[in-house]
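A note on names: the letters A, B, ... follow the listed sequences, proteins ahead of strands, and every chain is numbered from 1.
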Amino acid sequence: MSSFDDFDDTEAFEQASLSARAMAARPMPYLDGLNPAQREAVETLNGPVLMLAGAGTGKTKALTARIVHLLTTGSARPNEILAVTFTNKAAREMKNRVGGMLGQAIEGVPWLGTFHSICVKLLRRHAELAGLKSNFTILDTDDQLRLLKQLVSAAGIDDKRWPARQLANIIDGWKNRALTPGKVPAADAGAYNHKGVGLYAQYQERLRELNAVDFGDLLLHMVTIFQDHPDVLQQYQRWFRYILVDEYQDTNVAQYLWLRLLASGHRNICCVGDDDQSIYGWRGAEVGNILRFEKDFPGAHVVRLEQNYRSTPHILAAASGVIDANEGRLGKTLWTEAQEGEKVRLIGHWDGEEEARWIGEEVESMQRGTRGMRPFGLDEMAILVRASHQMRAFEDRFLTIGLPYRVIGGPRFYERMEIRDAMAYFRLVVSPDDDLAFERIVNTPKRGLGDKAQQTIQMTARSNGVSLVEGAAIAVESGLIKGKGGNQLRHLVESLGRWHEMMRGPIRAAGDDEDAVIDDGAEVPRGGPRVSHIELAEMILDESGYTEMWQNDKTPEAPGRLENLKELVKALESFENLQGFLEHVALIMDNESDDAEQKISIMTLHAAKGLEFPAVFLPGWEDGLFPSQRSMDESGLKGLEEERRLAYVGITRAEEVCTISFAANRRVFGQWQSALPSRFVDELPASHVDVLTPPGLYGGGFGAASGAAPGPSEGLEAKAAGANVYNSPGWKRLQARAGQRGMSQPKETRNTVIDLDAVSSFTMGERVFHQKFGYGAIVGIEGDKLEIDFEKAGVKKVVARFVSASDDIPF
DNA sequence: GGCTCGCACGAGGAA
DNA sequence: CGTGCGAGCC
């Protein structure tokens, strides 16, 4: 019996039918839509292949066609194919497309998933070789950090001078390079005040005790196992006869070694990537891996995909112009048959707030069709920023004008406090010896169990050699923890036990094999009301007092958190039990909201990789912000080149319209600071750029009347600085061009549409609630805009439809 | 033990 | 300007 068959639950492969062999003689319609280069990449099945795929050149299409081709020609059975991606989204898309292209069901499932998800599967099969049990837990960054903090303080290190966060980064770095504590090179011995390596060893030991791994371990353990157990490696070399890797330029050393070990026998490995889109150096990715491919795999077949199906010639030319400044590229020349279209648009602003205001207005204009362009829907537009803190300006502005937006990849759903708390409860119910989960929730909600009580629990558990839950039980029984806290702790321990029993209780599906141990759960009521895992989850959240805690919380976030908890419970529906859910969540961290309303997307450039939009805004192109000063300080030219690739990624996300902007002044840490336009602005080829000169910036009074520009004195100061801003050669050049063509068209004036319902439903002084700003009182009404004095956020103007009457009576 | 206040420090990106 | 943490008070 092969356990490969249960590897994935994708619907596309669910109905088993024809064998691969039976399809061998079938037609291959999927080849018809391919251009010659793609076709070459698809049909070269044996030996190493490097597919250099520029942005928008149809690499996913080629990759999926290759999988289909392997199956159709009978070269491989599904489970002999290993296809690795970086994100779950990419994996999902590939699965769907393979399913669609195949047009018929196949027997078995390819190993298609992220590095991490595949490694989890492998590691669970061989856990004992890493000193683990196969039901190990996967810690996320938060757990990891808490564990490290404990070790750091136990070692008597001043975590002010040596933050645990820093140690976490160092350890991650070692793991990315596939270095176990014993293999850390002497050159790194000084790391973290000469204690880094020792703490790393302790950390690994502690993880083993907890039967846990962190993200880095998933690969590190597998590489170590492959290296130390040739028999295991050979087994997988035989199984995975064809290997495909997406985004190869993003692989780190550990991933590279893992792939090379697996491929070293048959060498049937096809790596797809684009050195120009390598933007993850900071988390250990080595561009060198892709640059070195032909050396690593002599005789490799290199295919370049250069025909772009996404962007207009102007956009491609602008992107090429920027990326040309990088050294040591493999080199590709993108071309397209698309129509000329708009030039890349460039605009400077006085400050960051004006930039947000302009983009807001431009988005609204573009919805209606402006400057001779077709109308764009909100779903067709995106704002891509360098750093997530840039998002706030847009969120604030869009909330004010009532422009619907969605933030992609913000704080992820499963990283939110309330979700992590709830998950900790679930984890504890599933595995009562999950000490980290226990620590997280012993005193959440407040149970009067502070440091002292928690220390007592730790001591008791340690001296009895048991888990924290059991330690807590002993501590209560032996009277070490008394009073209110003691009672509450007893109640918690009892509840955990009760939930645990309910979970193991009879949840039977039709025809399941019942070798479960009913007998040792004596008080489980047989034949009593059956409790589904969903009901159980609700029960846990209710009886623990966790839901109540947020119901009593009056902060503006509380309602949202309760919403999230509801969503969490809803998410359980697609799983059979809590265990399955927890396993899934540890690795799937994406936050897809599938609401139907049209919204403009806001995300970081990193999050935008692999996506495309008809219209893209790229704000904040200022030296220091983009390219990021920190990146340049830390990694010098290498860092700058990575930033430049990021710029390239940004521009190439655009299909039809790309708008780049920068601001002369920006608030940073609450202080106004002036900045020069990004050097990347100078690198944009002038003939493909259209400079939109805002009338307000150079002598006009536009915009002076509105909103919160810097005060007069700050303004003057900034203006003086601003004079330099436009002295850079590139800017002068661009401005001269703008002059020749005449100033751009004056901004159109618009009347705000007044929503009568909204106007009538609020009165002065009324207490209201706003999703983002919380509670406040109305101090002004103006059309559909309300001026509200928020308790936490101060006075803001907000669109009425984002405000609801508060039923909460103050005092 | 919990809460509030004030201070110091900090914003790069993520499975 | 925001958060996170420690001190000091209830």
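- In the set C:dG2, B:dA14, B:dA15, the nucleotide with an atom closest to the side chain of A:T141 is B:dA15.
- Using a 4.0 Å heavy-atom distance criterion, A:S631 is classed as a base contact.
- Of the candidates B:dG10, B:dA14, B:dG1, the closest approach to any side-chain atom of A:F669 belongs to B:dG10.
- Contacts of A:F86 with the nucleic acid, taken as non-hydrogen atoms under 4.0 Å apart, involve only primed sugar atoms and P, OP1 or OP2.
- Across the protein-nucleic acid pair, A:D172 atom CG and B:dA14 atom P stand 15 Å apart, rounded to whole Å.
- Regarding A:L646, its CG atom lies at a distance of 10 Å from the P atom of B:dA14, rounded to whole Å.
- Between A:K175 atom NZ and B:dA15 atom C1' the separation is 14 Å, expressed in whole Å.
- Of the charged side-chain nitrogens involved, none lies within less than 4.0 Å of a carboxylate oxygen, so that A:E395 and A:R392 do not count as a salt-bridged pair.
- Set against B:dA14, B:dG1, B:dA15, the side chain of A:K452 has B:dG1 as its closest nucleotide.
- Among the protein residues, A:E634 comes within range of the nucleic acid bases, having at least one heavy atom under 4.0 Å from a base atom.
- Atom CG in A:D396 sits roughly 13 Å away from atom C1' in C:dG2 (whole-Å rounding).
- Residue contacts shown for A:L218 are absent, as no nucleic acid heavy atom lies under 4.0 Å away.
- Remark: P of B:dC3 and CE of A:M549 are 11 Å apart, rounded to the nearest angstrom.
- Here C:dG2 is the nucleotide among C:dG2, B:dG2, B:dA14 with the atom lying nearest to any side-chain atom of A:R392.
- A salt bridge between A:R561 and A:D553 is absent, with no side-chain N of the basic residue lying under 4.0 Å from a carboxylate O of the acidic one.
- Between A:F86 and A:Q255, the closest side-chain pair of non-hydrogen atoms falls below 4.5 Å.
- Using a 4.0 Å heavy-atom cutoff across all strands shown, A:E643 reaches at least one base atom of the nucleic acid.
- A salt bridge between A:R146 and A:D143 is present, with a side-chain N of the basic residue lying under 4.0 Å from a carboxylate O of the acidic one.
- If you measure from atom CZ of A:R667 to atom P of B:dA11, you get 19 Å, rounded to the nearest angstrom.
- In this structure, A:G450 and A:S628 both approach DNA chain B, and ranking their closest nucleotides by distance from the 5' end singles out A:G450.
- We find that A:D274 and A:K59 are not joined by a salt bridge, their nearest charged nitrogen and carboxylate oxygen being 4.0 Å or further apart.
- Taking the ring centroids of A:Y256 and A:W258, they lie at or beyond the 6.0 Å cut-off.
- Mapping A:W282 and A:D451 onto DNA chain B via the closest heavy atom, the residue that lands nearer the 5' end is A:D451.
- For A:K149, whose side chain is taken as the heavy atoms from C-beta onward, the closest listed nucleotide among B:dA14, C:dC5, B:dA15 is C:dC5.
- Going from atom CG of A:D633 over to atom P of B:dA11 covers 15 Å, rounded to whole Å.
- Look at A:N443 and you'll find a side-chain N or O under 4.0 angstrom from OP1 or OP2 of B:dG2.
- Note: CG (A:N88) to P (B:dA14) measures 14 Å, nearest angstrom.
- Pairing for B:dA11 is absent, judged as Watson-Crick or G-U wobble with the two contacts each under 3.5 Å.
- Distances shorter than 4.0 Å separate none of the side-chain N or O atoms of A:T85 from OP1 or OP2 on B:dA15.
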